[in-house]
2 protein chains.
Amino acid sequence: MSNTSSDDIQLAEMFKALGNPHRLLIFQRLSNCCLPGTRCDLEQTMRFSVGQLGEGMEIAPSTLSHHLKELHRSGLIKMSRQGKRVDCWIDPAVLNRLAGFFYNPSENEMRGDRDVG
Amino acid sequence: MSNTSSDDIQLAEMFKALGNPHRLLIFQRLSNCCLPGTRCDLEQTMRFSVGQLGEGMEIAPSTLSHHLKELHRSGLIKMSRQGKRVDCWIDPAVLNRLAGFFYNPSENEMRGDRDVG
DNA sequence: ACTAGTATTCGACATATTTCGAAATATAGA
DNA sequence: TCTATATTTCGAAATATGTCGAATACTAGT
């Protein structure tokens with residue numbers, strides 16, 4: 001692989017992490033920071049404990065832990081112990097970085113909300 | 001896995017496809033539709049033949065073909081034979097869909113180009 | 001110190017992925 | 001039809017991943 005920067009490698013790691021349905025579901029739970037229609041604050045990123053994230057997913061706790069570790073290693077989520085629990089959340093900068101990767105500047109017209117008002 | 005729609009599964013497939021450095025590089029080559037600073041037309045998506053996409057990547061043709069098939073199966077790229085060659089390109093709608101997945105509406109301010117002038 | 005709740009590490013196993021070379025297929029042109 | 005170019009298909013081998021259960025670690029209360 002000649003032409004691959006370390007930046008690209010980290011991107012690939014993130015995509016690989018999202019490439020598993022269980023991990024994608026976890027990521028979606030964390031990124032849906034407010035109820036539909038609601039609007040949540042910038043500083044108020046949604047946090048879930050490991051146990052909460054596993055609710056409804058039929059996987060063993062050890063498997064859940066493994067997936068969370070993958071998400072964390074790739075840089076997609078942050079984790080920090082809060083008493084008995086470990087909280088997980090998404091750094092908003094990560095969402096910007098990923099959205100920016102796919103954002104095609106030639107398609108401004110299609111978004112229709114950027115022009116001078 | 002209780003809570004996973006077929007839509008989410010297809011998303012996961014796309015991310016999995018992008019999770020390989022070789023495939024990510026191919027995808028980037030196809031999505032950089034114009035030179036830096038330039039602006040390319042909507043209808044004029046960038047096309048590269050299989051051989052062109054493999055240039056500079058040190059992988060066997062059969063491996064390249066395999067990766068292209070993965071990208072195609074996941075829905076990330078389109079392919080069509082053009083004489084001796086097979087051309088590849090990205091459906092712009094795919095870029096929108098993926099960008100939309102990461103786009104966080106609570107972060108308008110961080111983009112810095114939306115407020116009243 | 002003991003216990004209960006929460007989460008991680010470890011070892012094992014089945015399955016999937018990446019990669020290649022050799023052979024096969026498709027196309028255009030002499 | 002024969003040849004050269006472009007790409008795919010087909011095994012096969014090495015490595016990686018997803019999953020679990022059992023054992024371990026961390027924390028807050030009693």
Side-chain angles (χ1 to χ4, degrees), chain A residues 1-4 8-30 47-89, chain B residues 1-4 8-30 47-89:
Chain A
M1 208 162 343
S2 43
N3 220 349
T4 307
D8 291 336
I9 289 174
Q10 216 221 343
L11 255 187
E13 298 261 320
M14 287 182 176
F15 290 135
K16 185 165 68 175
L18 291 176
N20 174 280
H22 286 142
R23 290 194 294 259
L24 183 61
L25 183 55
I26 293 169
F27 187 82
Q28 283 178 299
R29 285 194 181 168
L30 287 174
R47 290 175 183 231
F48 284 106
S49 73
V50 170
Q52 288 176 314
L53 286 172
E55 271 169 32
M57 293 177 65
E58 292 169 5
I59 56 177
S62 55
T63 305
L64 176 62
S65 189
H66 163 73
H67 285 317
L68 257 0
K69 195 160 91 176
E70 264 334 91
L71 286 166
H72 183 248
R73 282 203 320 167
S74 73
L76 282 171
I77 70 171
K78 307 253 187 191
M79 304 178 80
S80 119
R81 185 170 276 276
Q82 218 67 33
K84 265 192 288 203
R85 327 204 152 170
V86 170
D87 278 358
C88 311
W89 71 98
Chain B
M1 206 162 349
S2 44
N3 219 350
T4 306
D8 291 335
I9 289 173
Q10 216 220 345
L11 256 187
E13 297 262 321
M14 287 182 176
F15 289 134
K16 185 164 71 174
L18 291 177
N20 174 282
H22 286 140
R23 290 194 295 259
L24 183 60
L25 183 55
I26 292 168
F27 187 82
Q28 284 178 298
R29 284 194 181 169
L30 287 174
R47 290 176 183 231
F48 284 106
S49 73
V50 170
Q52 288 176 313
L53 286 171
E55 272 169 31
M57 293 177 64
E58 292 167 5
I59 57 177
S62 56
T63 305
L64 177 61
S65 187
H66 162 74
H67 285 317
L68 258 359
K69 194 161 91 178
E70 272 322 278
L71 287 166
H72 182 249
R73 282 204 319 167
S74 74
L76 282 171
I77 70 170
K78 308 251 186 192
M79 303 178 79
S80 119
R81 185 170 276 277
Q82 218 68 32
K84 264 191 290 201
R85 327 204 154 171
V86 171
D87 278 357
C88 310
W89 71 97

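Because only heavy atoms are used, hydrogens play no part in the values below, and waters and symmetry mates are left out as well, while side chains stay in. Chain A is the first sequence line, chain B the second, and so forth, proteins listed ahead of strands; every chain is numbered from 1.
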Given [N], is OP1 or OP2 found less than 4.0 Å from the side-chain N or O atoms of [X]?
X	N	value
A/R81	D/dA25	no
A/K69	C/dT9	yes
A/R85	D/dA28	no
A/K16	D/dT17	yes
A/T63	D/dT19	no
B/S49	D/dA6	no
B/N20	C/dT18	yes

Roughly, in whole Å, what's the span from [atom1] in [X] to [atom2] in [N]?
X	N	atom1	atom2	value
B/E70	C/dT18	CD	P	7 Å
B/D87	D/dT7	CG	C1'	12 Å
B/E58	C/dC20	CD	C1'	15 Å
A/Q52	C/dT6	CD	P	10 Å
B/H22	C/dT17	NE2	P	17 Å
A/Q82	D/dC26	CD	P	17 Å
B/E13	C/dA16	CD	C1'	12 Å
B/R47	D/dA6	CZ	P	19 Å

(request) Would you mind reporting whether A/V50 and A/S65 have side-chain heavy atoms less than 4.5 Å apart? (result) no
(message) With heavy-atom distances below 4.5 Å as the criterion, would you say the side chains of B/H72 and B/K69 are in contact?
(response) no
(message) Checking contacts here: which listed nucleotide (D/dA28, D/dC20, D/dT9) is nearest the side-chain heavy atoms of A/K84?
(response) D/dA28
(request) Looking only at side-chain atoms of A/H66, point me to the closest of C/dT8, D/dG18, D/dT8. (result) D/dG18
(request) Fit a plane to each ring of B/H67 and B/H22, take the angle between them on a 0 to 90° scale, and name the class: parallel (under 30°), tilted (30 to 60°) or perpendicular (over 60°). (result) tilted
(request) Write down the atom of B/I26, the atom of B/L53, and the distance for their closest heavy-atom approach. (result) CG2-CD1, 4.0 Å
(request) May I ask you to decide if B/L71's main-chain N or O and B/R23's side chain share a donor-acceptor pair within less than 3.5 Å? (result) no
(message) I'd like to know if A/S62 reaches the base of D/dG21 with its side chain such that a donor and an acceptor end up less than 3.5 angstrom apart.
(response) yes
(request) Would you mind classifying the nucleic acid contact of A/I59 as base, sugar-phosphate or nothing, using non-hydrogen atoms under 4.0 angstrom? (result) sugar-phosphate
(request) Check every strand shown and say whether B/H67 touches a base, only sugar-phosphate, or nothing at a heavy-atom separation below 4.0 Å. (result) sugar-phosphate
